[in-house]
Amino acid sequence: MRRTNGKTPVVAALPADVRIMNAAALAMAAMFVVMALSAALFWGLQQPLFALRAIRVEGELTHNNAVTLRANVAPKLTGNFFTLNLANARAAFESVPWVREAEVRREFPNRLKVLLKEHEPAAYWGSEDETRLLNLQGQIFEVNQGDVEAEDLPVLSGPASQAALVLQAYRVLAPLFSQLDTSLSKLELTGRGSWRARLESGAVVEMGPGTPDEIQVRAQRFVATVAQTSSKFGRNFESADLRYSNGYALRLRGVTTVAPGEKTDRKTR
């Protein structure tokens, strides 16, 4: 309503109840629009156009193939292009033997692209009779028994939480023992934190506790002198104990240096 007072028009304020009714009407209209849009969106997302039609698998696959992967994983995927949970899809692919990491992406309108990285085995973990392997990253993973038999790998063992440390120690020790015309076939970290190595020749080397760097120093000292000691007697060594601060104890095959019944180790300084 407008009233004039001289030359200046005056606009009268609407009553409070009218303003409330107008605001309520606007809110209801907005809510209706939102509900209508949501219903339309939900209807659109359920259309067959967005149902997953294909899964494209990429990556350097040695122990898996794309056809088998799709057949094994597809039944575990629920939802369509928009509603699929990518985290769950990634977990489904990573549950397949030999798969270390999976990256899952959507490709509009109805495809998935999966980039896979497989485990690269570095060693058996535990024993050759088990189905556990250690990858290059120091992670333990399970495989099928038939796949394990085909791998020519060393055997590493120890507490599972120390798997990466055991692999690190193997990497520094293997080149040293190869200088003795043999190879490091087994490395164990015992529950008490002591290191034990078994060579391809059958010899056992006790190295005691310590970090990989500390046992590397002991092994270097041993490798530098053991060949001279062994050649002196014309025999290979059967076992060695490096847990001495100023030398090591050595047992040679077929050599006895003390009276029968006494300890037969030979300590080299």
Side-chain angles (χ1 to χ4, degrees), residues 55 57-76 87-104 114-180 182-207 209-213 215-216 219:
I55 301 174
V57 179
E58 296 182 353
E60 297 182 2
L61 303 179
T62 301
H63 298 88
N64 287 291
N65 62 73
V67 175
T68 303
L69 280 164
R70 283 193 289 263
N72 290 337
V73 177
K76 301 178 182 179
N88 291 343
R90 182 175 66 251
F93 278 100
E94 291 178 351
S95 67
V96 175
W98 289 99
V99 174
R100 177 172 67 89
E101 183 179 327
E103 181 181 337
V104 183
V114 183
L115 179 61
L116 296 181
K117 295 180 182 179
E118 286 193 335
H119 293 284
E120 296 181 62
Y124 293 99
W125 182 256
S127 71
E128 295 184 23
D129 298 329
E130 297 188 30
T131 58
R132 294 185 298 170
L133 295 176
L134 195 66
N135 67 15
L136 295 179
Q137 291 73 35
Q139 301 168 320
I140 302 171
F141 64 101
E142 295 275 351
V143 297
N144 297 320
Q145 182 65 43
D147 295 335
V148 177
E149 294 174 352
E151 303 293 342
D152 182 18
L153 300 169
V155 177
L156 307 183
S157 62
S161 60
Q162 300 295 312
L165 182 68
V166 177
L167 179 60
Q168 179 187 350
Y170 172 81
R171 285 171 172 165
V172 300
L173 292 174
L176 292 175
F177 288 118
S178 67
Q179 299 176 29
L180 302 178
T182 186
S183 60
L184 178 57
S185 61
K186 184 174 182 180
L187 180 64
E188 177 187 3
L189 176 61
T190 68
R192 295 185 176 184
S194 185
W195 296 91
R196 179 182 299 117
R198 180 177 292 276
L199 307 184
E200 191 66 33
S201 63
V204 176
V205 182
E206 297 283 355
M207 293 175 287
T211 66
D213 290 339
I215 61 173
Q216 181 185 28

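For reference, positions follow the sequence shown, starting with 1.
We find the CD-CG distance between Q137 and L167 to be 9.0 Å, quoted to the nearest 0.5 Å. We find the CD-CG distance between Q139 and L134 to be 8.5 Å, quoted to the nearest 0.5 Å. H63 contributes atom NE2, which lies 11.0 Å from atom CG of L61 (distance to the nearest 0.5 angstrom). Atom CG of residue L173 and atom CD1 of residue I215 lie 4.5 Å apart, to the nearest 0.5 angstrom. The structure places CZ of R198 at 12.0 Å from CG of L187, a figure rounded to the nearest 0.5 Å. We find the OG-CG distance between S185 and L153 to be 12.0 Å, quoted to the nearest 0.5 Å.
A side-chain donor-acceptor contact under 3.5 Å links T131 and E142.
The 12-atom threshold is not exceeded at NZ of K117, counting heavy atoms of other residues, nucleotides or ligands nearer than 6.0 Å.
For E120, the salt bridge (charged side-chain N to carboxylate O under 4.0 Å, His left out) criterion is met by no residue, not counting sequence neighbours. Under the rule for a ring pair (Phe, Tyr, Trp, His ring centres under 6.0 Å), Y170 has no partner lying at least two apart in sequence or in another chain. R132 meets the salt bridge (charged side-chain N to carboxylate O under 4.0 Å, His left out) test with E130; sequence neighbours excluded.
A side-chain donor-acceptor contact under 3.5 Å links W195 to the backbone of G210. Counting only distance, with no hydrogens or angles, the side chain of S201 and the backbone of T182 share no donor-acceptor pair below 3.5 Å.
Ring pair W125/F141: centre-to-centre distance not below 6.0 Å.
Contact record, L136 with P121: CD2-O, 4.4 Å, taken as the closest heavy-atom pair. The heavy-atom pair separating S127 from V155 by the smallest distance is CA-CG1, 3.9 Å. The two atoms that bring L184 and P154 nearest to each other are O-CB, 4.0 Å, heavy atoms only.
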Could you go step by step and tell me if R100 and E118 meet the salt bridge (Lys or Arg N to Asp or Glu O under 4.0 Å) rule?
-> CA-CA 5 Å; R100 177 172 67 89; E118 286 193 335; over 6 Å; no
